[in-house]
Number of protein chains: 2
Amino acid sequence: MDIETASKCLSELGNPHRLEAFRLLIKAGPEGVSVGDIQRHLNIPKSTLSHHISHLVWAGLARQEREGRVLRCTANFELADQLVAYLCAECCSGLDVVPMEEQEGA
Amino acid sequence: MDIETASKCLSELGNPHRLEAFRLLIKAGPEGVSVGDIQRHLNIPKSTLSHHISHLVWAGLARQEREGRVLRCTANFELADQLVAYLCAECCSGLDVVPMEEQEGA
DNA sequence: CCCGTGATTCCAGAATTGTCGAATTATCAG
DNA sequence: CTGATAATTCGACAATTCTGGAATCACGGG
């Protein structure tokens, strides 16, 4: 991952609506979520949401696949992992970044 | 780390100049780097750089400390680590994100 | 074909962000 | 004080991003 790609992804995730939507996609796993489901979670107008999703797709962070009348959105897990790996390598102290339990109590 | 903080940090890092500057600060370690040094690396006008640095400081990702005529900038390693931890927990598949060597060859 | 549902596209205005020269502040040396 | 260097602040403009209503497209059922 180069710095251009990283900053592109980061800037797309740097919007609360998009970050929340992306988080939803990740949590949903490979099954993904429909646009309508995302809309119900974020509670923003459809056109605005569609705009944000297209941003994620443009950055390669998400994919969309039609399934009848429903558009199923899935996260690009590979890219997500690459992005985190990039940040680990280039933009954090390189210490252990895994203590998930510690985070809760912090 | 809450989603608001995360998206704030991500959006600040989502600019190539700022991401590069931040990377520099991280690589420099606790010693930090002067604004002038960053400017020499990024090769952008002083006022533009100053603007970007103040963004990083505002987000809490960097600190500035005067040292005579020089302003020493340092990264906020804690926040950087927390951000990566948040992404690991919330926004990636949760697989191993540590194989630094694999990244090189990819 | 017609209707309802899911979702996008179009459009336009508001808001934010990025850029950088000029002026200014801060500090130190002589 | 004067001059030089480091860096910020100011101000103004260009560019981009965000938002959401209205129109449109896509699909399936009757």
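What you are looking at is a predicted structure, and each value in this text was computed from that prediction instead of being measured. Scope of the values below: all heavy atoms of this structure, side chains included, with no hydrogens, waters or symmetry mates. Here is how names work: the chains are called A, B, and so on, in the same order as the sequence lines, proteins then strands, and each is numbered from 1.
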- Item | Presence of donor-acceptor pair under 3.5 Å, side chain of A:Ser47 and base of D:dG21 | yes
- In whole angstroms, the gap separating P of D:dG28 from CG of A:Leu71 amounts to 12 Å
- Separation of A:Asn43 atom CG from D:dT19 atom C1', in whole Å? 15 Å
- Check whether any side-chain heavy atom of B:Glu12 lies under 4.5 Å from a side-chain heavy atom of B:Phe22, and answer yes or no. no
- Message: Nearest whole Å is fine: how far is D:dC27 P from A:Arg69 CZ?
- Response: 11 Å
- Task: Using a 4.0 Å heavy-atom cut-off across all strands, classify B:His51 as base, sugar-phosphate, or nothing.
- Result: base
- In whole angstrom, what separates B:Asn15's CG from C:dT19's C1'? 11 Å
- Task: Search all heavy atoms of B:Leu56 against all heavy atoms of B:Ala21 and return the closest pair with its distance.
- Result: CD1-CB, 4.4 Å
- With respect to the side chain of A:His17, which nucleotide from D:dA4, D:dT19, C:dT8 is positioned closest? D:dT19
- Between P of C:dG18 and CH2 of B:Trp58, the distance in whole Å: 12 Å
- Task: Just compare C:dT8, C:dG6, C:dA7 and give me whichever is closest to any side-chain atom of A:Ser50.
- Result: C:dT8
- Task: Check every atom of D:dA7, C:dA7, C:dT19 against the side chain of B:Val35 and return the nucleotide holding the closest atom.
- Result: D:dA7
- Note on the structure: Side-chain contact check for B:Val70: nearest option of C:dG6, D:dT8, D:dA6 is D:dA6
- Message: By the 4.0 Å heavy-atom rule, please label A:Gln64 as base, sugar-phosphate, or nothing.
- Response: sugar-phosphate
- Query: Closest approach of B:Leu25 and B:Cys73, non-hydrogen atoms and distance?
  - Reply: CD2-O, 3.5 Å
- For the side chain of A:Thr48, starting at C-beta, report the closest nucleotide among D:dG20, C:dT8, D:dA7. D:dG20
- Item | B:Glu65 with B:Arg72: basic N within carboxylate O range, under 4.0 Å | no
- Task: Describe the nucleic acid contact of B:Arg18 in one word from base, sugar-phosphate, nothing, applying a heavy-atom distance below 4.0 Å.
- Result: sugar-phosphate
- Query: Of A:Arg66 and A:Gly14, whose closest DNA chain D nucleotide lies nearer the 5' terminus?
  - Reply: A:Gly14
- Gap between atoms CD and C1', on A:Glu67 and C:dA7 respectively (whole Å): 14 Å
- Task: May I ask you to say what A:His55 touches in the nucleic acid, namely base, sugar-phosphate or nothing, with a heavy-atom cut-off under 4.0 Å?
- Result: sugar-phosphate
- Quick one: label A:Ser54 by what it contacts on the DNA or RNA (base, sugar-phosphate, nothing), any heavy atom closer than 4.0 Å. nothing
- To the nearest Å, how far apart are B:Ile53 CD1 and D:dA6 C1'? 12 Å
- What's the spacing between B:Leu49 CG and B:Arg40 CZ if we round to 0.5 Å? 10.5 Å
- Tell me which nucleotide among C:dG6, D:dT19, C:dT19 gets nearest to the side chain of B:His52. C:dT19
- Query: A:Leu19 has an atom CG; how far is it from atom P of D:dC18, in whole Å?
  - Reply: 13 Å
- Message: With a 4.5 Å cut-off on side-chain heavy atoms, are B:Leu71 and B:Ser34 touching?
- Response: no
